[in-house]
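Just the heavy atoms: all of them, side chains too, but no hydrogens, waters or symmetry mates, feed the values below.
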Amino acid sequence: MWGTFAGNRLKPFGENKRGLMMGNFTTTRILVLLSGWLAAFASGKDRKVDHSYSPANWVSSICLPDDSDKVLVHKDGSLFYDYKSGAPIDAAGFGLTVRGLIDGELKPTGQSEYSGKVPIVQNTYLRPDGVELTVEVFRVAPPRGTFADSTNDIILISAWNGGNAPVWVTPRVVWKGNPNGRKFFSPDGHTATGSDFTFGAVALDPDQTYNVSFGIGGPASPDWPTSWLQAQDIKYQTVDWWNDWQYYGNITLPDGGMQSLLETSIHNIYQARIIDKGLPAFRVGCCVYNGLWVVDGSFILEAVAYTGGALEARAGIEKLMSIQKADGSLYYLADYHKEHGIALWLIGRHAILTGDKTWLTGMWPKVTKLAEFIHSLRLKGNGLMPPGATDGGVGGPFDEFSNDYWNMLGLKYAVKTATWLGKTAEAAAWQSEFNQYWQAFESARLKNMQKDAFGNDYLPIVKGGGGFSPNRGQWAFFHSVFPGDLYPEGSAFVKGQMAMMEATEKEGLPFGSGWNENGVWNYLASFYGHAWLAQGRYDKATNVLYDFANHSSPINSWIEEQALQVDGAGGTVGDMPHNWASAELIRYVRHSLILEREGSLHLFAGLPVEWIKAGGTVQVKSMPTSFGEMSLKLVSGDSCSVLSLEGPTRNPPDTVWIHMDAWKGTKTAIPPDAVGGLRTFQLCKSGITRLAPSGTGSEAGDRMSIRVHAASVTFERAGRHEVEVFTLAGKPVWRIQGIVPARYDLAAALTPGLYLLKVKWNGRNAERKILITAGAH
């Protein structure tokens, strides 16, 4: 079965290709005006993703979405299986570790992903005699267009003689622990036994490569390849599977490092997910936080909706709410009273984001019970929350404010959703409740204000301070700024709080603000940066975005908390990949480009100056917002740039702000365009020119006016079109032309199989692979 191959080196790691995509698009209202475009370059900044604050050790996930068997890859290339609950994220914390290597002293020279989209991990090493070792590990993906729970992994080992004399190499795979039913497949087709499989010594001349493959299979392992080259074919099948995965592609950035980080964050979330009783259960991590809590989950589910998974996010919300009791209480964590306000925000945010009043009406009994339970808690707390748990470096129960921040926020959203549904009585009652709550909070806030060592006015999270440093446990305060919008821009209270936090910064992030008082809480950066964004400090928010990004590992994942670079390897807290962090990167990028604030829409508020250099493209396709779906595309040139916008039209915002001098804090208000549809503008230093519409489709979404669903193709707008279908070998099997809107049922014309679909429409071209099944008719 498994074989060896000796020859020259293959093409570079990560070399792959991706075809064009087609999808749905709905034309909507557009709004635009920009100025001062070229002033960006005066700052001289050149922020980039370089992982300069990376933790000393890291792991990453290589399993498929929803796999039941979670597997991680360590910095040294080891595969980790069967996490031991409560253990650290290192070799000692797992029931089985497996590693491919060669004999001799090896110096690690790097680790990388195939790409941000493809979680195939490569480690490289150098032996003193010039031999370069490459070890690639990946989980086998099913054939394109299908899905199956996979437990089959492949290790590819390549040894290249980069020296000037012949050498001997002996590849090996070693493992430690209990295989737990897994099988190890050796090159000769036999199941390997023991804990050290040796492939045998091979002599290599200079510039010669020796390649071997090794498999780790679950109980239902498929037929394994019979040669190393076939194992390579399986790798590229896996590459294609990930490149075609449906949740990529609606955000495109000109910064390759940030784009890669964004894509890895998306697949990290789905890799940790499981299917539980038919419902998707999104999880914070694969190991330490192998569950979903209300606050973590709420932001993860918002990020899922942003990347095209609105229905999956909805299922996650329904699963999250399934533990609510008859009295309205919702406790995943003891004394965590804030979970009720968080759930109110989550339900309201999702309903408004998707524009689905029917779903919200179905959830309304749960909403009402949540609001009623918050009222009962306030009765126990004399107008505020009773003593409760804080989190983020502060335990409890304490008489504290984090629960108040979130429950005020939740009541505010309850008023918003009740008003949206026309439930005027509930809206009025909850508004009254909120007003009373706010007065009680303000009274307590004024009594508890303190000054830090720098003279900044701040509110300690625990009343009286509780012996904690000013910045500990302040995470919920940031959420009260955004998404809560509890304070007006320029609030003196918020300014003092932010100045207090800014004074603690190290490595660009607040220091000692979580459980590790001698480190940084990585994704707190997003809470912190969002607060700067909401308060109009766009330059600061952009700096924090990059500092957050650069605390990720070289293969784009975060641990929850970590020591500073100068402190070395010690002081890590939490899981990795930590998917609240993954979600926060997605949210941060989205809100930097499209941000809702109350009834206003802000575009490009946190746009980094580096993203508008000549040749750069920023694109967002079919993004759900509070006001409806919208798309935008911004293409920058040497002296002028072109902006295309579509949407939103479902519920037009009161005001639209376009920020193109975000680093200066300037913005322009634009009234909604009453006509709607696509609008394109040329933006130059001298001014703005509105370009005539082309009438050939969406520039903002960059999609044809085509829907490809199951085995049908629908053209939704008039225009000349041509549809051709080929076998994968290139043989034409079906073709049609038309000039009016039309729908074609391919299942009626084709036998089951995999085909290549090519479409031409109004002078534009696209192609994709389609799978016709026997039940597609």
_Heavy-atom pair with the smallest gap, counting every atom of I120 and V239_ = CD1-CG2, 3.7 Å
*Partner residues of W406 under the side-chain hydrogen bond (donor to acceptor under 3.5 Å, both in side chains) criterion, sequence neighbours left out*: H479
*When rounded to the nearest 0.5 angstrom, what is the spacing between CG in D240 and NZ in K235?*
11.5 Å
*Should the pair F197 and F214 be assigned to parallel (<30°), tilted (30 to 60°) or perpendicular (>60°) ring geometry?*
tilted
_Exercise: do H551 and Q562 side chains pair donor with acceptor under 3.5 Å_ = no
*Reference residue R182; test side chain to side chain contact (heavy atoms under 4.5 Å, CB included); the match among D69, V98, D153*: D69
_Nearest 0.5 Å, please: how far is CD in E136 from OG1 in T124?_
10.5 Å
*Not counting sequence neighbours, which residues clear salt bridge (Lys or Arg N to Asp or Glu O under 4.0 Å) with R590? List them please.*
E596
*Side-chain donor-acceptor pair present, E505, Y528, cut-off under 3.5 Å*: yes
_Under 3.5 Å: donor-acceptor pair, side chain of K506, backbone of G519_ = no
_Heavy-atom side-chain contact between M623 and L593 under 4.5 Å_ = no
*Side chains of K75 and I555 in contact at under 4.5 Å (non-hydrogen atoms)*: no
_Can you classify the ring geometry of W580 versus F527 as parallel (below 30°), tilted (30 to 60°) or perpendicular (above 60°)?_
tilted
*Ring centres of W475 and F477 under 6.0 Å apart?*
no
_Return the CG to CE distance between L509 and M501, rounded to the nearest 0.5 Å._
10.0 Å
*Which heavy-atom pair separates P55 from M576 by the least distance, and what is that distance?*
CG-CE, 4.2 Å
*For N579 and R283, what are the C-alpha separation, side-chain angles and deciding distance, and is it a side-chain hydrogen bond (donor to acceptor under 3.5 Å, both in side chains)?*
CA-CA 8 Å; N579 288 316; R283 293 185 166 185; over 6 Å; no
_Under a 3.5 Å distance rule, please check whether Y83 uses its side chain to pair with a backbone N or O of A87 as donor and acceptor._
yes
*asked:* Pairing donors with acceptors under 3.5 angstrom, does anything connect the side chains of Q122 and Y114?
replied: no
_ring-ring contact (aromatic ring centres under 6.0 Å, His included) partners of F482, counting only residues at least two apart_ = H530, H591
*May I ask you to decide if G484's main-chain N or O and S480's side chain share a donor-acceptor pair within less than 3.5 Å?*
no
_Any side-chain heavy-atom pair of F80 and V59 under 4.5 Å_ = yes
*For E339 and Y332, indicate whether the former's side chain and the latter's backbone hold a donor-acceptor pair under 3.5 Å.*
yes
*Among all residues two or more places apart in sequence or in another chain, which pass the salt bridge (Lys or Arg N to Asp or Glu O under 4.0 Å) test with K319?*
D276
*Closest approach of A581 and F548, non-hydrogen atoms and distance?*
O-CZ, 3.7 Å
*Measure up the H578 and Y289 rings against each other and bin them: parallel (under 30°), tilted (30 to 60°), perpendicular (over 60°).*
perpendicular
*Report yes or no: does Q474 contribute a side-chain atom to a donor-acceptor pair with the main-chain N or O of L459 at less than 3.5 Å?*
yes
*Can you check ring-ring contact (aromatic ring centres under 6.0 Å, His included) on F398 and F468, steps first, answer last?*
CA-CA 12 Å; F398 290 113; F468 296 99; 5.7 Å; yes
*Closest approach of D46 to K613 (non-hydrogen atoms, all atoms of both residues)*: OD1-NZ, 3.8 Å
*CD/E610 to CG/L253 distance, rounded to the nearest 0.5 angstrom?*
12.5 Å
*Could you check V609 against T542 for side chain to side chain contact (heavy atoms under 4.5 Å, CB included), going step by step and ending with a plain yes or no?*
CA-CA 9 Å; V609 58; T542 304; over 6 Å; no
*asked:* Using side chain to side chain contact (heavy atoms under 4.5 Å, CB included), reason through I266 and I586 one step at a time and then give a plain yes or no.
replied: CA-CA 8 Å; I266 295 170; I586 296 166; 3.8 Å; yes
*ring-ring contact (aromatic ring centres under 6.0 Å, His included) between W242 and H267: does it pass, once the steps are laid out?*
CA-CA 9 Å; W242 278 108; H267 69 64; 5.5 Å; yes
*If you round to the nearest 0.5 Å, how far is OH of Y81 from OG1 of T97?*
10.5 Å
*For A231 against S213, the heavy-atom pair lying closest together*: CB-OG, 3.5 Å
*Going through the checks in order, is the side-chain hydrogen bond (donor to acceptor under 3.5 Å, both in side chains) test met by E400 and S402?*
CA-CA 6 Å; E400 54 86 74; S402 73; 2.4 Å; yes
*Quick one: does F138's side chain get under 4.5 Å of L156's, heavy atoms only?*
yes
_Donor-acceptor contact present, side-chain N456 to main-chain D452, <3.5 Å_ = no
*asked:* Do Y538 and L533 make a side-chain contact, defined as non-hydrogen atoms from C-beta onward lying under 4.5 Å apart?
replied: yes
_Flag side-chain contact, heavy atom, 4.5 Å: N556 against S260_ = yes
*Check whether the side chains of E113 and T264 place a donor and an acceptor atom closer than 3.5 Å, and report yes or no.*
yes
*Ring-ring centroid check W293 Y336, cutoff 6.0 Å*: no
_Under a 3.5 Å distance rule, please check whether N471 uses its side chain to pair with a backbone N or O of M500 as donor and acceptor._
no
*Any sub-3.5 Å donor-acceptor pair from Q111's side-chain atoms to H74's backbone N or O?*
yes
*Electrostatic pair E517-R472, nearest N-O below 4.0 angstrom*: yes
*Do the side chains of I559 and W58 get nearer than 4.5 Å, heavy atoms only?*
no
*With sequence neighbours left out, what residues match E502 under salt bridge (Lys or Arg N to Asp or Glu O under 4.0 Å)?*
K540
*Spell out, as yes or no, whether a donor-acceptor pair under 3.5 Å connects the side chain of S552 to the backbone of A549.*
yes
*Atom CH2 of W611 and atom OG1 of T617: how far apart are they, to the nearest 0.5 Å?*
13.0 Å
_Contact summary for A541 and G529, nearest pair of heavy atoms_ = CB-O, 3.6 Å
_Under 6.0 Å between ring centres: does that hold for Y53 and W558?_
no
_Angle between ring planes, Y523 versus W521, binned at 30° and 60°: parallel, tilted or perpendicular?_
perpendicular
*So, D82 and K84, do they make that salt bridge, N to O below 4.0 Å?*
no
*Just by modelled atom types, is the W160 backbone N or O under 3.5 Å from a matching donor or acceptor in the E132 side chain?*
no
*Residues in salt bridge (Lys or Arg N to Asp or Glu O under 4.0 Å) with D547, at least two apart?*
none
*asked:* Are the side chains of W241 and L64 in contact, using a 4.5 Å heavy-atom criterion?
replied: yes
